[in-house]
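These notes concern the structure reproduced below.
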2 protein chains.
Amino acid sequence: MIDIALFDEHKLVLEGISGLLSGITDIRIVLYCDNRDVLTEKLKSMQIHVLIMNMHDISVRNLNLIVQLNITIPKLKILIISVIDSEEIVLKTIKAGAKGFLGKDSDRSSLLEAIYTLRNGHDYYSKSITHLLLNRYISSLKADEMNQNTDIGNLSSRQIEILKLWGESYTNQEIADRFFISVRTVESHKNHIMQKLNLKSTVDMVKFAIKNNIIEI
Amino acid sequence: MIDIALFDEHKLVLEGISGLLSGITDIRIVLYCDNRDVLTEKLKSMQIHVLIMNMHDISVRNLNLIVQLNITIPKLKILIISVIDSEEIVLKTIKAGAKGFLGKDSDRSSLLEAIYTLRNGHDYYSKSITHLLLNRYISSLKADEMNQNTDIGNLSSRQIEILKLWGESYTNQEIADRFFISVRTVESHKNHIMQKLNLKSTVDMVKFAIKNNIIEI
DNA sequence: CTGAATTTACGTGTTACACGTAAGGGATTT
DNA sequence: AAATCCCTTACGTGTAACACGTAAATTCAG
């Protein structure tokens, strides 16, 4: 048996969703709520599996509600329903901690699917959302590839070694000790790196090293 | 009419795919190729819409082939078929420039769907691939969120201003001039930032600033 | 083998950082 | 009203890092 809570500030929507779920034997709606202020308190006192929440807009209040619920009641899975399936709203709600999102392409069967999926501990996104996220991811993958391949190859292996340690906040002296060379030599290496890459400052050198996966953020 | 090329080093696979596509009136296989060395030349001399390529393994040769084809024949859409639908192979082929990927869950109808989708200029990924990519993206989104929210809020607006300029490789003197304050004050601000955030070096300060979107890479 | 690049290193002057100290202002608390 | 906390400003002093030039030994490729 799955216990559901419904939250929306319009009672009509509550009734509509409620109707869609009537007749399902293993789904039970145990809370209807149209008041944001009492929602958290009520949810805290009950053992609810899935909260279905309608997102009319992407207000900070809504996002905060999701974040707060995830903190106070981690077991509760939040399923978002929204007619607005813009990238922004989807990404922000997921980041806030929603475990499912039903876009405007969803029907009764995908609602049920989503509830069962969330109950089983997995995420659920309707088709349109899936496409949207996927496109975004793919293009970010491709963008990644574009931004690779600067001229790390021009640096010698020694120079990269130095850069790597320096990028982990070692002092020149520590680097010198590690390689059994003089501090002045470490300085020379860094000078050469700066000249070779035409960098103006050490800040730029950090950025370069990060871009080229020489150091981790 | 869509013109297709098939590439695989095993002739059996070529015949198998060919069989799946026979009887489709608007799809025409115009090139069967089992030899990597002549593939590019033949493709260059023909006007082919979709290349179907079987990926037995994720070798550099295969990935390079995709990259090279995308450079020399940009109009050509590459559709990958593979029984290995590991994350690695999928991500790498997509990054290399493949426009579609059919995992082991695919059947004849999804092959057709993929061909038409690619011909229309869109990407196509079979269900298992879609799930795989989506999970990866979602977890990266959530990881992002985890790594956010360090204690940027503890920095005063003045301190952030200083950090921002310094992160763009301005010298202390330049920053001082811009704000009509002493160089020593700029130093003080940076000292306070380091103390407050418990940073050991300026390298760490750059990393902090990047993590918290104060400066761009 | 020869020229170019790498690795090593120093000199000298400037800039940045570390750590402490401190005064004045604004906001909040007691 | 006084005490407290934080922010902004600033200095003193010593150390570390950087800028720029120079240079020798080594390595590497044409």
Side-chain angles (χ1 to χ4, degrees), chain A residues 149-217, chain B residues 60 148-217:
Chain A
N149 303 331
T150 0
D151 28 21
I152 182 180
N154 289 335
L155 289 184
S156 72
S157 55
R158 191 57 147 183
Q159 286 164 345
I160 292 176
E161 280 182 316
I162 304 278
L163 192 49
K164 202 173 274 180
L165 285 186
W166 175 77
E168 292 169 24
S169 304
Y170 287 89
T171 63
N172 288 349
Q173 187 60 60
E174 288 169 330
I175 297 170
D177 292 345
R178 178 151 313 199
F179 293 135
F180 305 107
I181 56 178
S182 152
V183 181
R184 313 306 308 281
T185 308
V186 178
E187 286 177 3
S188 275
H189 281 301
K190 290 204 275 183
N191 281 335
H192 294 151
I193 291 170
M194 304 266 277
Q195 282 168 21
K196 193 183 274 187
L197 300 175
N198 197 29
L199 303 175
K200 294 186 297 294
S201 69
T202 54
V203 173
D204 287 338
M205 194 151 62
V206 180
K207 292 177 183 175
F208 172 87
I210 291 171
K211 265 195 294 200
N212 291 86
N213 299 316
I214 296 170
I215 63 175
E216 294 290 317
I217 299 187
Chain B
V60 182
Q148 290 297 324
N149 301 335
T150 359
D151 25 23
I152 184 181
N154 289 335
L155 290 184
S156 70
S157 55
R158 190 58 147 183
Q159 287 164 345
I160 293 176
E161 280 182 318
I162 304 279
L163 191 49
K164 201 172 272 178
L165 285 184
W166 175 77
E168 291 169 25
S169 302
Y170 287 89
T171 64
N172 287 348
Q173 187 61 61
E174 287 169 332
I175 297 170
D177 292 345
R178 178 151 315 198
F179 292 134
F180 304 106
I181 56 179
S182 153
V183 180
R184 314 304 309 276
T185 307
V186 178
E187 287 176 2
S188 274
H189 280 302
K190 289 205 274 183
N191 282 336
H192 294 152
I193 292 170
M194 304 267 275
Q195 283 169 20
K196 192 181 277 187
L197 301 174
N198 197 29
L199 303 174
K200 292 187 299 294
S201 68
T202 54
V203 173
D204 287 338
M205 193 151 63
V206 180
K207 293 177 183 174
F208 172 88
I210 291 171
K211 266 196 290 199
N212 291 86
N213 299 316
I214 296 171
I215 62 176
E216 294 290 318
I217 298 186

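Keep in mind the model is a prediction, meaning the values are calculated, not measured.
Here the P atom of nucleotide C:dT6 and the CD atom of A:E161 are 14 Å apart, to the nearest Å. Atom CD1 in A:I162 sits about 13 Å away from atom C1' in C:dA9, given to the nearest Å. Distance, A:N154 CG to C:dA5 P: 11 Å, rounded to whole Å. Taking atom NZ on B:K190 and atom P on C:dT15, their separation rounds to 13 Å, with Å as the unit.
Two residues are said to be in side-chain contact when any heavy atoms from C-beta on lie closer than 4.5 Å; B:I162 and B:F179 meet this criterion. Annotation: side chain of B:K190 is in contact with side chain of B:N172 (closest heavy-atom distance under 4.5 Å).
Across all their heavy atoms, B:D204 and A:S169 have their closest contact at OD1-OG, 2.8 Å. For B:G167 against A:V203, the heavy-atom pair with the smallest separation is O-CG1, 3.5 Å. Nearest heavy-atom pair, B:M205 versus B:L199, reported as atom, atom and distance to 0.1 Å: CA-CD1, 3.7 Å. The two residues A:I193 and A:Q159 come nearest to each other via the heavy atoms CD1-O, 3.5 Å. Closest non-hydrogen pair, B:K164 versus B:I214, comes out as CG-O, 3.7 Å. In terms of heavy-atom proximity, B:F208 sits nearest to B:L155 at CE2-CD1, 3.9 Å.
When heavy atoms are screened at a 4.0 angstrom cut-off, B:T202 is found touching the sugar-phosphate backbone but no base atom. Note on A:S188: a base of the nucleic acid sits closer than 4.0 angstrom, heavy atoms only. Backbone-only contact: B:N172 has heavy atoms under 4.0 Å from sugar-phosphate atoms and none from a base. If you check every strand for non-hydrogen atoms under 4.0 Å, A:T171 touches sugar and phosphate atoms only.
OP1 or OP2 of C:dT8 lies within a sub-4.0 Å distance of a side-chain N or O belonging to A:H189.
Toward the 5′ end of DNA chain D lies the nearest nucleotide of A:Y170, the other residue of the pair A:Q195 and A:Y170 mapping further downstream. Where A:N191 and B:L199 meet DNA chain C, the nucleotide closest to each residue was compared, and A:N191 sits on the side nearer the 5' end. Between B:S201 and A:Q159, the residue anchored closer to the 5' end of DNA chain C is A:Q159, taking for each the nucleotide with the nearest heavy atom.
A side-chain donor-acceptor contact under 3.5 Å links B:D177 and B:Q173.
Only A:I181, A:S182, A:R184, A:T185, listed by number, bring a heavy atom of residues 174-187 of chain A to less than 4.0 angstrom from any atom of DNA chain C.
For DNA chain D, the contact window with chain A, defined by any atom under 4.0 Å from a protein heavy atom, covers D:dA17 to D:dC20 in 5' to 3' order.
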